[in-house]
Amino acid sequence: MSLIFFVLVVSALLETALAKTRLFEWNVTDIDNLDVDKSGHPRWVMGVNNQWPIEPPVVDYGDQVIIKMSNHLRDNRTCSLHSHGMFQRHNGYMDGVPQMTQCSIPAGSTFYYNFTAVQNGTYWVHSHDMSQYPDGLRTSFVINNPNEPYDYDEDYIISLTDWYYEPFYKLVPEQFVTWHNPTGAEPVPDTGLINDGVNSTFKMEPGKTYRFRFVNLGAFNNYDIMLEDHNMTIIEVDGEYTNPQEVSSIHITTAQRYSVLVTAKNSTDRNYAMTAYMDESLFDQVPKNYNPNVTAWLSYNSETTYNYATPVDEIDSYDDAELQPLYDVYWGEADHNVSLWFDFFTLGDGASYAEINEKSFKYPKVPGLMIANSTNYDDYNTKPVTYGPYTNAFVFDYNQTVDVVIDNHDTGKHPFHLHGHVFQVLERGEENAGEYSDQTEHKVYDHPVRRDTIEIPPVSFVRLRFLADNPGAWLLHCHIEWHMESGLVATFLEAPDRVPEITAPEFVRHQCVMQNIDISGNGAGNAYNISNLTGAPAPPGEMPAGWTSKAIATMAMCVLSACIGMGSIIFYGMQVHPLPTEELDDEEDIKAAAEENAAKLMIPPSDM
Ligand SMILES: *[C@@H]1O[C@H](CO)[C@@H](O)[C@H](O)[C@H]1NC(C)=O
Ligand SMILES: *[C@@H]1O[C@H](CO)[C@@H](O)[C@H](O)[C@H]1NC(C)=O
Ligand SMILES: *[C@@H]1O[C@H](CO)[C@@H](O)[C@H](O)[C@H]1NC(C)=O
Ligand SMILES: *[C@@H]1O[C@H](CO)[C@@H](O)[C@H](O)[C@H]1NC(C)=O
Ligand SMILES: *[C@@H]1O[C@H](CO)[C@@H](O)[C@H](O)[C@H]1NC(C)=O
Ligand SMILES: *[C@@H]1O[C@H](CO)[C@@H](O)[C@H](O)[C@H]1NC(C)=O
Ligand SMILES: *[C@@H]1O[C@H](CO)[C@@H](O)[C@H](O)[C@H]1NC(C)=O
Ligand SMILES: *[C@@H]1O[C@H](CO)[C@@H](O)[C@H](O)[C@H]1NC(C)=O
Ligand SMILES: *[C@@H]1O[C@H](CO)[C@@H](O)[C@H](O)[C@H]1NC(C)=O
Ligand SMILES: *[C@@H]1O[C@H](CO)[C@@H](O)[C@H](O)[C@H]1NC(C)=O
Ligand SMILES: *[C@@H]1O[C@H](CO)[C@@H](O)[C@H](O)[C@H]1NC(C)=O
Ligand SMILES: *[C@@H]1O[C@H](CO)[C@@H](O)[C@H](O)[C@H]1NC(C)=O
Ligand SMILES: [Cu+2]
């Protein structure tokens, strides 16, 4: 045996010996009466092994990660787990998206999420079933790199979240997707949390450099984070190393992650505040006495006091699209351009929905990957139409370089996330820049940062690029959970003709069968006539002509204010209560439309 061969064999053996299997046994459980922020608002949360917060898994590069997830929830409720930012290359059945990569995990069943940790950095895991994760089923997830390019002494995982005292399963139908809320105003979080609590402290010792891993586990809000009298050096975004970039604040949307290096001061005479400022511009109405500032402390000296930071005049925010990757990659020019635009509309049930290219998303009847797997003949699985008319499906050939332009026609900010990939941020417009055009002048980034979640400014755009090297069915969606619920989602089908090469353990299909969910056929569940999409899931129809969302908003306000004035008894009888016509006098068109469509608007929501 030659020496070189011997060395190779030994190092190969060492590597396999070092790659450990990390098994996490997670019983998903209901936990009652948790007063998370000690404010006297105990609530139910979804936890793991009867504990909450859920302890973040920390593994090493190369580890085989198995999250054995057993559904112990009450009332036959389902669940799932998506590992946010994990590529799951050739492993798409482990992406955790019900009706796209698997069926929801039924009560009493176990799903083994099984993947190799072949990325480095800061991630998180969360339920992708309904709107569950804001109710607690989420936590950070770290993969350590044994050959870490940056030096630091210790690291802290620091989660940020917005927190509601009412569960999402109630808020969504009662306050968000309902004709009471035709403009789609999002419920405002009751509070914000750092590390799932208040007044967290992070011990700082002179002479040490710390890596803070910020993870936004929230449902809605973004934060600007500042450390009192300490700068931060960004070294990682969304699992990708960046060139070091010194900043005084970071802006982090829901689902994004940042690692920063912080050098401790030499003196221990006082403590310093870490403040996370919520972005109140996302709120339609800021409640009176609302506190948008969440505070934690850099603790140098536990003997002395913890004071709130002196108010800052302005947050000096850094344009995160300017970040540069530590390692450049070049995927060539685009082989395929996709152009998307989105906005919000009131649909036929009087509620507000998001539409991408005029379609509000609905999951297909058969999980997307199983559509691709079962219709791999006569070119069916490479046609977007096969996946259903409201899946917003786009199909890419294997290894194409894809450019995606997303035009935001809405006046809010939206953090978009792509599953299965990181993308390069090639261009991003300023606020109110309008639609993307390759003719107008704007910044083009020469060393584009790679990440998996990007904020699109109001009435503006981004141009993203990714390499379609991961056969599968990947969601592209806004990570504001309210907007997931209103349909701000598209499906990217990558090399669907290669999906049959991906294997799935038997329980994946079995869990569908247990719930009578079809495992073959098109988006409508038709396995015999693939081009017949009759019966595919669809959003409510268009509003009757003449109904602008402004008119509906006016109407709903009138109805609500009239009814609140007359007491809750009448509120329950609203469906038979005559329209308060005097309020509409000056808007003749609204009145006419209202009479014509009164029956439609008066449909009581199911919760009444
Ligand atoms: C999960 O639940 C099963 C069945 O009740 C139990 O045997 C097991 O010990 C639980 N696992 C953990 C980690 O709590
Ligand atoms: C849960 O499902 C089982 C079996 O389908 C059924 O017997 C039971 O009534 C259901 N329980 C609830 C609370 O829905
Ligand atoms: C996880 O996947 C690996 C690699 O495919 C396989 O060898 C192993 O048996 C799987 N383990 C479980 C518990 O599914
Ligand atoms: C992640 O870490 C592993 C182990 O050190 C290394 O081989 C790999 O190149 C790293 N990946 C990136 C993108 O830095
Ligand atoms: C958090 O710290 C502040 C400032 O020291 C204090 O006023 C507040 O009561 C603390 N809150 C809790 C829940 O401990
Ligand atoms: C932070 O960086 C700014 C700009 O480089 C610098 O002026 C300031 O002194 C730094 N602050 C600290 C605490 O290092
Ligand atoms: C702390 O003291 C050391 C040694 O005097 C010095 O090199 C270093 O710059 C100081 N660090 C800070 C943050 O002031
Ligand atoms: C939140 O922080 C900002 C900026 O420092 C400050 O102006 C504002 O007064 C703070 N709000 C509350 C309610 O403390
Ligand atoms: C996919 O495309 C990339 C970038 O163009 C290239 O480096 C790589 O070799 C291609 N892979 C395959 C399997 O064709
Ligand atoms: C994609 O769009 C760019 C910019 O508009 C254009 O230069 C390029 O030719 C397009 N590529 C394809 C394959 O259509
Ligand atoms: C994919 O299709 C093959 C038959 O073509 C089948 O054996 C396999 O179970 C299918 N996989 C899934 C997850 O449906
Ligand atoms: C399409 O499917 C629907 C529902 O399954 C069925 O009623 C209809 O007859 C089918 N149409 C054709 C042309 O096969
Ligand atoms: Cu959004």
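One-based numbering, in listed order, for ligands and for the atoms of each.
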*Asks:* At less than 4.0 angstrom from any non-hydrogen atom of N532, what atoms of ligand 12 do you find?
*Replies:* 1 (C), 2 (O), 3 (C), 8 (C), 10 (C), 11 (N), 12 (C), 14 (O)
*Asks:* Any atoms of ligand 12 less than 4.0 Å from a non-hydrogen atom of T534? List them with their elements.
*Replies:* 1 (C), 2 (O), 3 (C)
*Asks:* Please collect all salt bridge (Lys or Arg N to Asp or Glu O under 4.0 Å) contacts where either partner lies in residues 314-323, sequence neighbours excluded, each pair once.
*Replies:* D319-R428, D319-K443, D320-R428, D320-R451, E322-K443
*Asks:* Taking any residue with a non-hydrogen atom under 4.0 angstrom from an atom of ligand 6, which ones do you get?
*Replies:* D229, N231, E246
*Asks:* Can you tell whether the side chains of R257 and E240 come within less than 4.0 Å, N to carboxylate O?
*Replies:* no
*Asks:* Does any pair with a residue in residues 373-398 pass salt bridge (Lys or Arg N to Asp or Glu O under 4.0 Å), and if so which ones, sequence neighbours excluded?
*Replies:* none
*Asks:* Counting only heavy atoms closer than 4.0 Å, does ligand 10 sit against the backbone of D403, its side chain, both, or neither?
*Replies:* neither
*Asks:* When you measure from the centre of the six-membered ring of Y272, is the NZ or CZ of K265 closer than 6.0 Å and no more than 45° off the axis?
*Replies:* yes
*Asks:* Please list, chain by chain and in numerical order, all residues satisfying side chain to side chain donor-acceptor pair (under 3.5 Å) with S248, sequence neighbours excluded.
*Replies:* none
*Asks:* Which value, rounded to the nearest 0.5 Å, describes the distance between Q515 atom CD and S104 atom OG?
*Replies:* 6.0 Å
*Asks:* May I ask you to list the atoms of ligand 12 that are less than 4.0 angstrom from any heavy atom of N529?
*Replies:* 14 (O)
*Asks:* Can you name the atoms of ligand 10, numbered from 1 with element, that are less than 4.0 Å from a heavy atom of D438?
*Replies:* 4 (C), 5 (O)
*Asks:* I'd like to know whether the aromatic ring centres of Y156 and Y210 sit less than 6.0 Å apart in this structure.
*Replies:* yes
*Asks:* May I ask you to check whether F396 and F466 place their ring centres under 6.0 Å from each other?
*Replies:* yes
*Asks:* Taking only heavy atoms of A334 into account, list the atoms of ligand 10 that are under 4.0 Å away from them.
*Replies:* 13 (C)
*Asks:* I need the single residue from Q102, H419, H128, H84 that forms a side-chain hydrogen bond (donor to acceptor under 3.5 Å, both in side chains) with D95. Which is it?
*Replies:* H419
*Asks:* Go through ligand 10 atom by atom and flag the ones less than 4.0 Å from a non-hydrogen atom of D335.
*Replies:* 13 (C)
